[in-house]
Asks: 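This is the structure I want to talk about, given as structure tokens.
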Amino acid sequence: DSSVLISFALAEEEVGKASGNYFEYKGKTFILTAAHVAVASRATDGVQLVVKERFGIEKSLAKPVYVDEATDIAILVLERELTTVEPQKWLRKDHWDIDIGDEVYYTGHPMDMNYMSFKGSISKIYSDLIMLQSWAYMGSSGAAIFDQRGRVVGVVSAIKYDIHAVPQMLPSLVLVAPLTYLNNQLLYEILNNDRSED
């Protein structure tokens with residue numbers, strides 16, 4: 001239910017989209033997404049991030065307040081809080097607490113099919129990356145990955161490509177950016193303006 005569509009708007013026209021999730025932590029609300037989603041919004045002058053509510057009834061401009069390109073994690077704050085979507089309580093799952101075979105879930109906005117939910121399982125764990133056996137397509141980037149108890153494991157970062165003579169997309173292998181460095185203390189500082197975007 002916390003899934004939101006992030007739209008790249010240029011002169012009121014949508015030029016791209018991605019995924020994110022709406023959370024609340026200690027009285028502050030925010031959007032969790034992938035850093036490359038936030039960076040894409042800065043790549044072209046005039047492009048803005050617009051967070052849309054599930055049924056398209058409302059939208060709000062979003063501003064990146066934390067962008068870590070090394071881990072592909074970003075935090076956005078809304079210009080105006082959403083009134084038709086309840087933010088989910090922030091529950092984080094530590095990287096060391098994830099096991100191969102764990103079932104996880106996410107809802108994203110692949111291609112032109114908004115609000116699609118997927119189930120998968122953890123296939124491999126690296127110090128800075130989790131490989132997920134599931135499905136992801138363009139537009140799913142930034143969707144939060146949840147465990148069975150509703151704790152956030154990471155965000156959809158990319159789809160695995162097989163680089164041989166002819167590059168092939170392997171949509172069943174999804175790369176997940178874990179929340180290794182985004183602990184609760186850092187999140188609190190970000191949301192209380194104790195840290196800048198960079």
Side-chain angles (χ1 to χ4, degrees), residues 1-6 17-25 29-40 49 51 62 64-77 87-110 115-161 169-191 195 197:
D1 288 341
S2 66
S3 179
V4 291
L5 172 62
I6 297 174
K17 66 178 184 175
S19 303
N21 289 76
Y22 190 38
F23 290 101
E24 182 271 330
Y25 182 63
T29 58
F30 64 96
I31 303 292
L32 174 70
T33 190
H36 70 267
V37 171
V39 169
L49 290 173
V51 174
V65 294
Y66 175 79
V67 179
D68 187 340
E69 294 184 56
T71 61
D72 203 20
I73 298 289
I75 299 292
L76 314 176
V77 293
Q88 179 160 329
K89 183 179 178 183
W90 174 256
L91 298 172
R92 178 183 176 277
K93 185 166 186 173
D94 287 316
H95 191 202
W96 51 262
D97 197 27
I98 300 165
D99 293 316
I100 291 175
D102 283 356
E103 264 190 11
V104 291
Y105 310 85
Y106 82 91
T107 298
H109 306 279
Y115 293 97
M116 288 192 70
S117 292
F118 298 87
K119 178 171 76 170
S121 60
I122 303 295
S123 295
K124 188 144 181 88
I125 303 168
Y126 297 96
S127 60
D128 60 348
L129 183 70
I130 298 169
M131 293 196 75
L132 176 65
Q133 178 88 35
S134 185
W135 299 95
Y137 300 96
M138 302 299 257
S140 297
S141 287
I145 304 289
F146 295 92
D147 72 358
Q148 292 178 313
R149 293 173 55 190
R151 296 176 297 181
V152 183
V153 172
V155 301
V156 174
S157 180
I159 302 168
K160 177 68 175 170
Y161 279 84
M169 185 166 63
L170 304 174
S172 64
L173 290 178
V174 181
L175 306 185
V176 174
L179 304 174
T180 307
Y181 301 107
L182 184 63
N183 58 37
N184 289 345
Q185 178 59 38
L186 176 56
L187 179 60
Y188 180 83
E189 293 172 7
I190 292 164
L191 296 177
R195 289 177 61 98
E197 178 183 339

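Since the model is a prediction, treat every value here as computed from it, not as a measurement. Hydrogens, waters and symmetry mates play no part in the numbers below; they use all other heavy atoms, side chains included.
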Asks: Quick check: does any side chain N or O of Ser134 sit under 3.5 Å from a backbone N or O of Lys119, one acting as donor and the other as acceptor?
Replies: yes
Asks: The criterion is side-chain hydrogen bond (donor to acceptor under 3.5 Å, both in side chains); which residues satisfy it with Asn184, sequence neighbours excluded?
Replies: Trp90
Asks: If you take all heavy atoms of Leu91 and Arg149, which pair is closest and at what distance?
Replies: CD1-O, 4.4 Å
Asks: Once salt bridge (charged side-chain N to carboxylate O under 4.0 Å, His left out) is applied, do any residues pair with Asp147, and if so which ones, sequence neighbours excluded?
Replies: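 If we apply the salt bridge (charged side-chain N to carboxylate O under 4.0 Å, His left out) test to Asp147, skipping adjacent residues, the hits are Lys93, Arg151.
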Asks: Partners of Ser19 by side-chain hydrogen bond (donor to acceptor under 3.5 Å, both in side chains), sequence neighbours excluded?
Replies: none
Asks: Taking side-chain contact (heavy atoms from CB on, under 4.5 Å) as the test, write out the residues that go with Thr180, two or more places apart.
Replies: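 Thr180 satisfies side-chain contact (heavy atoms from CB on, under 4.5 Å) with His95, Pro178 once adjacent residues are dropped.
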Asks: Hey, is the main chain of Thr107 close enough, under 3.5 Å, to the side chain of Ser3 for a donor-acceptor pair?
Replies: yes
Asks: Could you check whether any side-chain heavy atom of Val176 comes within less than 4.5 Å of a side-chain heavy atom of Ile122, counting everything from C-beta outward?
Replies: no
Asks: Would you say Asn21's side chain and Ala144's backbone share a donor-acceptor pair under 3.5 angstrom?
Replies: yes
Asks: Holding to salt bridge (charged side-chain N to carboxylate O under 4.0 Å, His left out), I want the full list of residues that pass it with Arg92, two or more places apart in sequence or in another chain.
Replies: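 Listed in chain order: Asp94.
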Asks: Any idea which heavy atoms bring Val152 and Phe23 closest together, and the distance?
Replies: CG2-CZ, 3.5 Å
Asks: So, using side-chain contact (heavy atoms from CB on, under 4.5 Å) as the criterion, who are the partners of Glu24 when residues are at least two apart?
Replies: Thr29, Pro87
Asks: Just by modelled atom types, is the Glu69 backbone N or O under 3.5 Å from a matching donor or acceptor in the His36 side chain?
Replies: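 No; judged by distance alone, with no hydrogens or angles, the pair does not exist.
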